[in-house]
Amino acid sequence: MKFSDLGLSADIQRAVAEQGYDTPTPIQQQAIPAVLAGHDLMASAQTGTGKTAGFTLPILQRLTAGANDCLSRVARTPRVLVLTPTRELAIQVEESVQTYGKYLPVNSLAVFGGVGINPQIANLRRGVDILVATPGRLLDHVQQSTVNLSGIEIFVLDEADRMLDMGFIRDIRKIIALLPKQRQNLLFSATFSPEIRELAGGLLEQPVSVDVAPRNTAAETVTQKVIECNREQKKELLKHLFTTRSLHQVLVFARTKHGADALARTLDKAGIKAAAIHGDKSQGARTRALSEFKDGKLAALVATDIAARGIDIDALPYVINYELPNVAEDYVHRIGRTGRAGMEGEAISLVCHDERPQLKDIEKLIRRTLERMVVDGFEQAAVAAPRPVQPPRQPRKPAAAGNAGKSRQGSGKNAPAGGRPQGHHSGKRHH
Ligand code: AMP
């Protein structure tokens, strides 16, 4: 199939051709006709699949094809609203609108927090057809009556799973309540948790489902491997991987903020330039670490799951799970950081005995058994039994229970960072 088979206008096809694309990606092949036909859409697609053009192209076509086209309108209140979880994604989506809409009389604007609101207000006043926004800043504009959402015809929720992970659900519901009832809705998400399904159920009407990869699987181009090792060996093993494979630009995942800091220090001491990013770091420290990482000044960026949500890096070659996440779906998010847009990527997970339940959950979710790899000198001790986090102890007298409780807490704190978490199956995340 070619772009010319999709019924897009000559102006749109020309802009696409200028990008050097002639074949639509699988998501584009499925999403474009459905959106052009006016259907609601529920699309399971990760970044890197071409999803942005998958919704941008047919939206541009719908806006400019009819009698109701942009030029004929006097008051240019937004007709399309795209919500994204991060400012980076908002910028990226709006750039795509500009790229593909370059021969069309369409105005677009991205509004997001962390920058002055006044230039955005001035731009909104000038008239916008396609508004791309992060939820918080959009609600600021709503509150100041600097945006009018009563003319929205198409609503896009991009990376819905990340939005929910970032705690935007209430904002999203508020925004939806402000939109006209009659509209087309498109929802994109890499994973489909029960929460996303619930949101989709209330939002979409008889949606066309588009599922480009079997749900909850990573890009085909990512090689996923597990190295079974002993917990005590993980640090050495990680250093070994860096030196023997001359790794650079590796995103390393740790479970806790403290663990991420400690690991970055260990790597740094071993001559492997590293920095940690997590929720306790200032925005400035995070931005600096990220830009040094992007510029190749850091060999490793050690991140927690939540911190990593805001990272947008193209073509990351390696992801290493120093510790497995508690929630299996986070594994999919983590390795989705590599293998984007068809590039080769490798995801390596260091798994010790205590993490076997998490590994089992992950393999169940992605419906495949991950390849095991053995690294000489780091073989997992065959006889080691899973170590309980709390050593069994029986207080002799009931009166001793208070003390025993305290000392248990102490031993819990000193337990190695990869200790099997309590409530591992609860599926809760810590923000
Ligand atoms: P996305 O999943 O929207 O973030 O897109 C991932 C990358 O694929 C972007 O760099 C796009 O420019 C690129 N892309 C989008 N559509 C195509 C296509 N049909 N052929 C090749 N690359 C594409």
Side-chain angles (χ1 to χ4, degrees), residues 1-9 11-36 41-61 80 82-103 108 110 112 130 132 134 154 156-163 186-192 210-222 294 308-317 319 332-345:
M1 186 189 266
K2 299 269 169 226
F3 272 107
S4 48
D5 302 325
L6 287 169
L8 295 165
S9 70
D11 285 335
I12 295 177
Q13 287 190 46
R14 192 164 139 218
V16 170
E18 282 178 15
Q19 293 304 303
Y21 310 148
D22 65 346
T23 311
T25 64
I27 181 122
Q28 291 162 0
Q29 292 185 20
Q30 296 177 49
I32 292 173
V35 179
L36 283 179
L41 188 74
M42 169 149 143
S44 164
Q46 296 183 330
T47 303
T49 53
K51 69 179 167 70
T52 314
F55 64 80
T56 307
L57 299 177
I59 284 176
L60 285 167
Q61 171 98 350
V80 177
V82 183
L83 280 189
T84 69
T86 63
R87 59 187 270 175
E88 288 82 5
L89 192 59
I91 292 168
Q92 222 168 293
V93 169
E94 201 266 333
E95 278 173 2
S96 292
V97 172
Q98 285 195 24
T99 303
Y100 301 127
K102 86 190 253 206
Y103 299 113
S108 56
F112 42 79
I130 300 182
V132 188
T134 53
I154 307 176
V156 184
L157 204 52
D158 197 10
E159 305 209 350
D161 47 353
R162 275 173 82 188
M163 297 243 213
L186 319 178
L187 182 145
F188 289 80
S189 190
T191 55
F192 276 86
V210 172
D211 198 350
V212 282
R215 205 161 286 146
N216 295 331
T217 61
E220 287 298 313
T221 50
V222 180
K294 281 185 179 168
R309 293 287 147 93
I311 303 178
D312 266 309
I313 306 165
D314 278 344
L316 198 57
V319 166
V332 181
H333 281 292
R334 287 180 177 189
I335 67 168
R337 305 273 145 189
T338 177
R340 288 185 176 184
M343 307 269 298
E344 299 277 312

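Indexing begins at 1, ligand by ligand and atom by atom, following the structure's order.
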Of the backbone atoms (N, CA, C, O) and the side-chain heavy atoms from C-beta on, which set of Val16 has a member under 4.0 Å from an atom of ligand 1: side chain, backbone, both, or neither?
->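 Neither; no heavy atom under 4.0 Å.
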Under-4.0 Å heavy-atom contact with ligand 1, by part of Gln28 that carries it |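 Side chain only.
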Thr99 side-chain N/O to Glu95 backbone N/O, donor-acceptor pair under 3.5 Å |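 Side chain of Thr99 to backbone of Glu95, a donor-acceptor pair under 3.5 Å: yes, one is there.
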Could you tell me whether a side-chain N or O of Gln61 sits under 3.5 Å from a main-chain N or O of Ser9, the two making a donor and an acceptor?
->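 Side chain of Gln61 to backbone of Ser9, a donor-acceptor pair under 3.5 Å: yes, one is there.
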For Glu18, what residues pass the salt bridge (charged side-chain N to carboxylate O under 4.0 Å, His left out) criterion, not counting sequence neighbours?
->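 Residues passing salt bridge (charged side-chain N to carboxylate O under 4.0 Å, His left out) with Glu18: Lys102.
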Pick from Phe188, Tyr100, Tyr21: the one approaching atom 23 (C) of ligand 1 most closely through a non-hydrogen atom =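 Comparing heavy atoms across Phe188, Tyr100, Tyr21, the nearest one to atom 23 (C) of ligand 1 lies in Tyr21.
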For Ala31 and Leu41, which heavy atoms make the closest approach, and how far apart are they?
->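 Here Ala31 and Leu41 meet closest at CB-CD2, 3.8 Å.
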Sub-4.0 Å atoms of ligand 1 with respect to non-hydrogen atoms of [X]:
X: Phe3; result: 19 (N)
X: Thr52; result: 1 (P), 3 (O), 4 (O)
X: Thr25; result: 17 (C), 18 (C), 19 (N)
X: Thr23; result: 18 (C), 19 (N), 20 (N)

Looking at the rings of Tyr21 and Phe3, which for Trp means the six-membered one, are their centres under 6.0 Å apart?
->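 Not under 6.0 Å, so no.
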Contacts of Glu94 that satisfy side-chain hydrogen bond (donor to acceptor under 3.5 Å, both in side chains) - sequence neighbours left out |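 In terms of side-chain hydrogen bond (donor to acceptor under 3.5 Å, both in side chains), with neighbours along the sequence ignored, Glu94 is linked to Gln98, Ser108.
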